[in-house]
Protein chains: 2
Amino acid sequence: MPAAAFKSVRALALFHDMADANFDRLTKAAYLQRFPAHVQLIEEGGAADFLHVVVEGCVELFASHNGRDTTMALVHPVSTFILAATLKDRPYLMSARTTMPGQILMIPSADIRTMLEIDPGFARAMVVELASCYRNVVKELKNQKLRTSVERVANYLIRQQKRHPGMEFALPVEKRALASLLGMTPENLSRAFGALRSHGVEVDGPMVRLTDIEALSAMARPNPLIDDFSS
Amino acid sequence: MPAAAFKSVRALALFHDMADANFDRLTKAAYLQRFPAHVQLIEEGGAADFLHVVVEGCVELFASHNGRDTTMALVHPVSTFILAATLKDRPYLMSARTTMPGQILMIPSADIRTMLEIDPGFARAMVVELASCYRNVVKELKNQKLRTSVERVANYLIRQQKRHPGMEFALPVEKRALASLLGMTPENLSRAFGALRSHGVEVDGPMVRLTDIEALSAMARPNPLIDDFSS
DNA sequence: GATATCGCTTGACGCAGATCAAGGCGCTTG
DNA sequence: CAAGCGCCTTGATCTGCGTCAAGCGATATC
């Protein structure tokens, strides 16, 4: 594995407290692979043979049922996904596909489970990581059940703005995927952007500028117990 | 703590691998309390001072935002709730109230976190427990995003039926709470029951009889990746 | 035993958001 | 450069579900 990738994975909270020897052992058994855009990495219902780490690019987690399907989350570098299935040795609950070219590190699940037994630091880090994942899904569920679609869009934009230093930022994925993540159709996302124009939202292709955060916040009513993905 | 309660808590997977001395220490610092029905135990946003265990009765987890509120989960004996907030030492994301008289064991969060450091068996069990919680919320999110309200009701009934040996069973909570859990209004839950009559669903007060599981399943389309809460 | 209260049901209505259809724009491809 | 395709937008229409309002039955209260 290239030194840069090695270093960035090592820096993850999940692997930070791990003994050096154990981390080396884990990465020796792992594969770092490049993928083009729009490649399906895992399929819902399949066996959880690998823990995946997005090193570069972006991965969309989605789920299907009865012909419908919905985006569950977007995973950005550097973070892991489908940790829980790996640990429980249970089928994946979500499928995953790349949204752009990137690099994925795949670590055999069996090695992760072994490491859990022998490295207490890793076990503790895992507890914290899983607790965070759990809380993030709970927030997403609250977001879905307690807000209208326009409110979800508005709060999404505010959250994105906070991650970016400048005045404007680019949507990280296609609008159709964003719409699905927010639990709405692409048509209604367009209309929502239109409705938010009067609250200082300017959308031009993938670029977004929020010219009046005050006004936008007043209608969006952000709530740390839903929107703060770091707590 | 009475022997019966002690034993049932000890039997939880979460505490099963823990050293005896550590479990004793944990329970010594804990409070077992009786509560009447409809008492709020914790408030969303509050500090996570205790890990709670439902020993008897039933607890409703719910969340509020902007005047709306929604039931997030129903917790039956014997299981823990708000594990993640306890571990991360972060504010609760959900409020909790009893739906009937019962007993709750409250273990100081600080003790749980200490135990995580010193008892590797506990840390491992915690990983598995959190992974299960995470997967259950993911399933709930899929349930919400991929199904109509009538489908959610139908699948809920099928799930309940599986837990009960006999021909009929009682709804575990008031219909209004059930409606909220299923992401709909009480009015629409009534109408959904009406619509399901033609699929062999007979509802009389809190009692439910499914006279034609085949027909019900045909319309509900249960899916283990959404409905199987044990995997 | 009359009355009030609460949980549930039923009907009428309105709205948010899905669906259907058409058209525009920027990209790729020959 | 033209043709074709994918993504997005806009408008028209449909519908699932929420809201509002009234009524019903069981339990509680005096």
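We use all heavy atoms of the structure for the numbers below, so side chains are in, but hydrogens, waters and symmetry mates are not. So that the names make sense, note that chain A is the first sequence line, chain B the second, and so on, each numbered from 1.
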Q: Determine yes or no for a side-chain-to-main-chain donor-acceptor pair under 3.5 angstrom, with A/Glu140 supplying the side chain and B/Leu141 the backbone.
A: no

Q. Under 3.5 Å, side chain of B/Glu151 to main-chain N/O of B/Thr148, donor-acceptor pair present?
A. yes

Length of the [atom1]-[atom2] vector between [X] and [N], whole Å:
X        : N      : atom1 : atom2 : result
A/His38  : D/dG6  : NE2   : C1'   : 11 Å
B/Leu182 : D/dG18 : CG    : C1'   : 16 Å
B/Asp204 : D/dA26 : CG    : C1'   : 12 Å
A/Lys145 : D/dC17 : NZ    : P     : 14 Å
A/Lys175 : D/dC8  : NZ    : P     : 7 Å
B/Phe193 : C/dC8  : CZ    : P     : 10 Å

Q: Look at the rings of A/His52 and A/Phe81 and say which category their plane angle falls in: under 30° parallel, 30 to 60° tilted, over 60° perpendicular.
A: tilted

Q | A/Glu44 and B/Lys142 ion-paired at < 4.0 Å | A | yes

Q.
Between B/Asp227 and B/Arg147, does any NZ, NE, NH1 or NH2 come within less than 4.0 Å of an OD or OE carboxylate oxygen?
A. yes

Less than 3.5 Å apart, which donor and acceptor atoms pair up between the side chains of residues 3-15 of chain A and the rest of the protein, not counting sequence neighbours?
from    : atom 1 : to      : atom 2 : distance (Å)
A/Ser8  : OG     : A/Ala4  : O      : 3.4
A/Ser8  : OG     : A/Ala5  : O      : 3.0
A/Arg10 : NH1    : A/Phe15 : O      : 2.6
A/Arg10 : NH1    : A/Met18 : O      : 3.3
A/Arg10 : NH2    : A/Met18 : O      : 3.1
A/Arg10 : NH2    : A/Asp20 : OD1    : 2.5

Q: If a protein heavy atom is under 4.0 Å from the base, mark B; if only from the sugar-phosphate, S; if neither, -; do that for nucleotides 16-26 of chain C going 5' to 3'.
A: -SBBB------

Q | Over-ring placement of B/Arg97 relative to B/Phe62, 6.0 Å and 45° cut-offs | A | yes

(Q) Using a strict heavy-atom distance below 4.0 Å, which residues from residues 67-76 of chain A are in contact with DNA chain D? (A) none

Q) Got A/Phe193 and A/Lys175 here, is their nearest side-chain heavy-atom distance under 4.5 Å? A) yes

